[in-house]
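Working notes for the structure below.
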Amino acid sequence: MSVWRIKGGSALEGSLTIQGSKNAVLPILAATILTGCETELTNCPALRDVEASLNILRYLGCRVERQEDVIRVDSRPMTGCVIPCELTREMRSSVIFLGAVLARCGEARLSMPGGCELGPRPIDLHLSAMEALGSQVRGEGGEIFCSAPMLRGGIVHLELPSVGATENAMIAACAARGETVITNAAREPEIVDLQNFLRAMGADIDGAGTPVVTIHSFTPADRVGYRIMPDRIAAATMLCACACAGGDVELRGIDSRQTESVTENLEAMGAEVARQSHRLRIRCRQRLRGGRTVITQPYPGFPTDAQPLMMAASLKAEGTTVFVENIFTNRYRQTEELKRLGADIRTEGRVAIITGVERLHGAPVRAEDLRGGASLILAGLGAEGETAVTDRGHVDRGYEGLDKALNALGAQVIKYESEN
Ligand code: EPZ
């Protein structure tokens, strides 16, 4: 059990380089097993979810080594096609290995990833995508069995623009005979990063970032090198941290277009933002103003992952801010804990209404999920006194040293492990 102790009241000042993207590196690590090859990935973040993915790769027989931000995967010795429940339990998004294992082995077996903190996490779209590529799919005893001696190209239509299902379909389609067209594909930047990686692996693939992705053919490379994109949600987190604490923060090593929906919302609240293509500078010198409605949508709409972070930034903003969470059914778990800090929040189904308060006061609170935990830490930056966030490892799943990053900007955050 981790405890994050935040002493509120310090403005943030300085500049920071943003970590590599969790949601880009996870599908790319899965894709390294598409064929027997040696892959070197750079700008990889040090996260619990990345460690969980490396454990899955080792379990499947790959040789894996990590040196700081460099991960090397040799997938030539891979033998396994089963991902056991203790590994899928470790990381809900391990379903992203399904397409790659099926493509490499002609069969795949993994236990149903449990629900998670955000509500039920079905994988029906992943499975229908595998069936559209010629796989037999059956479920038994909480496990999924896929078999496809030969995957064949075809049309994969997604009822919802699911990020994970789009990624599984792109990866599996590389091993399919003939052309595959994925329609209603997710358009997130991480999908484009995966496309760029698959091209480096030898795929002739186009369309990522649009609703139609086409995989024409695949000529495997023996050695692959790739640099992971920056983490746009980690960038959004630091922008919202500055909004909570006040100050003047510069982010480096980012693609500022990818956080535009968050940046423009903060600007509308009264933050000053200077944009360059790979840098962002945000200044918050006076009380922010609420008033806009934040509606989460698939990219390029407002990202669901930034909803808890923007909520923290809205707690002391003058006026009322309305949130509508359209992606996950249970993504307001942070609200009860934020109220313990003095926030005025009312929720009804997918809607949350924040009425800005003059001040927040530190209190003991509990992280229930990754981004909700981050929102509690951010709210603590702007609260009077000390906030203690107890956390069963959620925040470290997605942030590489969030305490160190905030303290480098002048915050006072102490993170320690506690027995109970
Ligand atoms: C990815 O999750 C991200 N995770 C999530 O980030 C992110 O919140 C989400 O995309 C939306 O942007 C990774 O990339 C590892 P989805 P994913 O499939 O792929 C429903 C974070 O905080 N759905 O796009 O699981 C689903 O229930 C994490 O970094 C089905 O109904 O998201 C949800 O309501 C949290 N059937 C919606 O679609 C399916 O087969 C979007 O889910 C799949 C999904």
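Whatever order the structure lists ligands and atoms in, that order sets their numbers, starting from 1.
- Contact annotation: for I327 versus ligand 1, heavy atoms closer than 4.0 Å belong to both the backbone and the side chain.
- A donor and an acceptor atom, one from each side chain of T263 and R275, are nowhere located under 3.5 Å apart.
- A side-chain N or O of S111 and one of T88 form a donor-acceptor pair less than 3.5 Å apart.
- Residue nearest to atom 1 (C) of ligand 1, selected from V163, I191, V25: V163 (by heavy-atom distance).
- Sequence neighbours left out, the pairs with a member in residues 170-197 that pass salt bridge (charged side-chain N to carboxylate O under 4.0 Å, His left out) are E190-R232.
- Heavy atoms of I233 come nearer than 4.0 angstrom to ligand 1 in no pair at all.
- Near R371, with a cut-off below 4.0 Å to any heavy atom, the atoms of ligand 1 are 21 (C), 22 (O), 29 (O).
- With hydrogens left out, the protein atom closest to atom 17 (P) of ligand 1 is R121 NH2, 3.7 Å, a heavy atom.
- Here L125 has heavy atoms under 4.0 Å from ligand 1 in both its backbone and its side chain.
- When L160, D124, T166, T296 are checked for heavy-atom proximity to atom 20 (C) of ligand 1, L160 turns out nearest.
- At a threshold of 4.0 Å, the pair R397-D369 does not count as salt-bridged, since none of the basic side-chain nitrogens sits closer than that to a carboxylate oxygen.
- For E140 and R138, the salt-bridge test passes: some basic side-chain N is under 4.0 Å from an acidic carboxylate O.
- Residue-to-ligand polar distances keep P161 apart from ligand 1: every N/O pair is separated by 3.5 Å or more.
- We find that R72 and E40 are joined by a salt bridge, their nearest charged nitrogen and carboxylate oxygen being less than 4.0 Å apart.
- Considering backbone and side-chain atoms together, S162 places an N or O closer than 3.5 Å to an N or O of ligand 1.
- Close N/O approach between L370 and ligand 1 is not found [any backbone or side-chain N/O within under 3.5 Å].
- Side chains of Q276 and R281: no donor on one and acceptor on the other come within 3.5 Å.
- Under a 4.0 Å heavy-atom criterion, P122 is in contact with ligand 1.
- Ligand 1 has at least one atom lying under 4.0 Å from a heavy atom of R331.
- An N or O contact shorter than 3.5 Å is missing between A165 and ligand 1 by distance.
- One finds a salt bridge joining E417 and K415 here, because a Lys/Arg side-chain nitrogen approaches an Asp/Glu carboxylate oxygen to under 4.0 Å.
- The closest heavy-atom contact to atom 11 (C) of ligand 1, among the options T304, N23, V95, comes from T304.
- At a threshold of 4.0 Å, the pair D206-R199 counts as salt-bridged, since one of the basic side-chain nitrogens sits closer than that to a carboxylate oxygen.
- At a cut-off of 3.5 Å, with distance as the only test, no side-chain donor of W4 or D403 sits close to an acceptor on the other residue.
- Taking any N or O of E167, backbone or side chain, none lies under 3.5 Å from an N or O belonging to ligand 1.
- Taking atom 19 (O) of ligand 1 as the reference point, the nearest protein heavy-atom neighbour is G164 N, 2.9 Å.
- Summary of contacts: the protein heavy atom closest to atom 21 (C) of ligand 1 is D305 OD2, 3.5 Å.
- Of the protein's non-hydrogen atoms, F328 CZ, 4.1 Å is the one closest to atom 32 (O) of ligand 1.
- Interatomic distance, T166 OG1 to N184 CG, rounded to the nearest 0.5 Å: 8.0 Å.
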